[in-house]
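Taking it in order: structure first as structure tokens, then the write-up.
Whatever order the structure lists ligands and atoms in, that order sets their numbers, starting from 1.
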Amino acid sequence: MNAARPDAARGVAPLVHREQPPADVLIRAAHVLDPRTGLDAPQDVLVRDGEIAALGAPGSLEAPEGAELIDGEGRHLLPGFVDPHVHLRVPGHEHKEDLDSGTRAAAAGGFVAVVAMPNTDPVLDDATVLRSLREAARSEARVPVGFLAAITRGLDGDALTEMAELADAGALGFTDDGRPVHRAAILRKALQYQRLCGGVLALHEEDPSLSGAGVMHEGEISARLGLAGIPSISESTMIARDAAIAGYEQGRIHIQHLSARESVEAVAEAKARGVRITAEVSPHHLTLTHDAILERLDTRLKMNPPLRSQDDRRALVDGLRDGTIDCIATDHAPHAREEKEVPFEQAPMGTTGLETAFAAVHTELVVPGILPLALVVEKLSAGAALLGLATPRIAVGEPAALCLIDLAAEWVVGESGYESRAENCCFDGRTLRGRVLATVAAGAVVYRERAFAVSAA
Ligand SMILES: [Zn+2]
């Protein structure tokens, strides 16, 4: 992977968050599952001053004076999740989400770090904007937040940002997410600058001349509903193009939110050729298809890229299993209620996803035995390494970045509201299995499920 670690080299912390009191907690007898250390057994886990201080057989550790005792029996303790792709809508769109509400949603979903996209107002294309945003996150963000800066000024696709300066100011990488880098020469130039300043180029792949005014996947359902379609090739042809450019420039690219079988194939081919390419997939593309839109023309099911066919969904699951797809990312995209309460054609693209990511994938893919739990847990934090961030591990001496989950607990999405400011969740109303009970991020307890908070006391 890319050896460049501009943040470490320049003394800028890659992630920022507000100060919170470090946790002193003994989690007793939870089933600890950390696919990276191979731990898969009931354990006592002692967190002292925000660090994992001891692991031991159930009942072997004593809670020190003043430490809180959490009964983990029958629950799973996992390394916290890391999301390389969220929209926190700050600055400029605080009516949709803000640093506090977005990171509250993250904590409720078991996420211990998130990376925000730059399609804000103003666009995060300038070091001054980035510095003030990081400053705001230092007082508002409940879980550590990192930022990707724009590849092109104003996301207009024409002129590159000052990438080196942005990297100096703490940008983890660059993306024009929401839009493709439509001119090949601009992407080529960005890859050349990447050599100097490091950081990944995260790419939203879409050929606008093919996606046009499409509002859903182009296929039998769009034809039946008489809605304009977005063909799979609008994504896969751009991936093939950008993989070729990255290979030529020996640069490193990360493909955002894969949605189609052809796209998985394009990534697999590029990897086989030795291109430095990684890819992510969202929980909604792994678990839902365009058939859901036929059942109810619900604007919460409208996102870009769109939900595609059953065959596409299966290819994404297979790609995740065989390693073609490196990580799960939510693409959490909050919108205000009135923005989504319009006819399907007019609604903005996007679904929220932080609070439902684990439960959706667990319910639809782990419970039926399609994917192993350990693989899903690993993929939910694999985005960290792709961005040069530390991967959460459950081992003595590590900063506590954990989530405690009841795998058997069923809950109805949205029934008791959302932590996010937005309600546009594509899983709204569904019964999911697997509930996050508590989250420890950067050594502090940042979330307790309401009922659990009472019973834990
Ligand atoms: Zn996107």
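Put simply, His257 gets within reach of the Zn ion (ligand 1), with an N, O or S atom under 2.8 Å from it. Taking backbone and side-chain atoms together, Glu206 has no N/O/S atom less than 2.8 Å away from the Zn ion (ligand 1).
Residue His257 is tested with His332, His285, His284, His204 for a ring-ring contact (aromatic ring centres under 6.0 Å, His included); the sole match is His204.
Under the 3.5 Å distance criterion, with hydrogens and angles disregarded, a donor-acceptor pair is assigned to the side chains of Arg36 and Ser381. Using modelled atom types and a 3.5 Å distance limit, the side chains of Glu205 and Ser263 yield no donor-acceptor pair.
Around atom CD of Gln250, no more than 12 heavy atoms belonging to other residues, nucleotides or ligands sit under 6.0 Å away.
Taking the N/O/S atoms of Asp177 in turn, the shortest distance to the Zn ion (ligand 1) belongs to OD1. Between the Zn ion (ligand 1) and the N, O or S atoms of His204, the shortest distance is to ND1.
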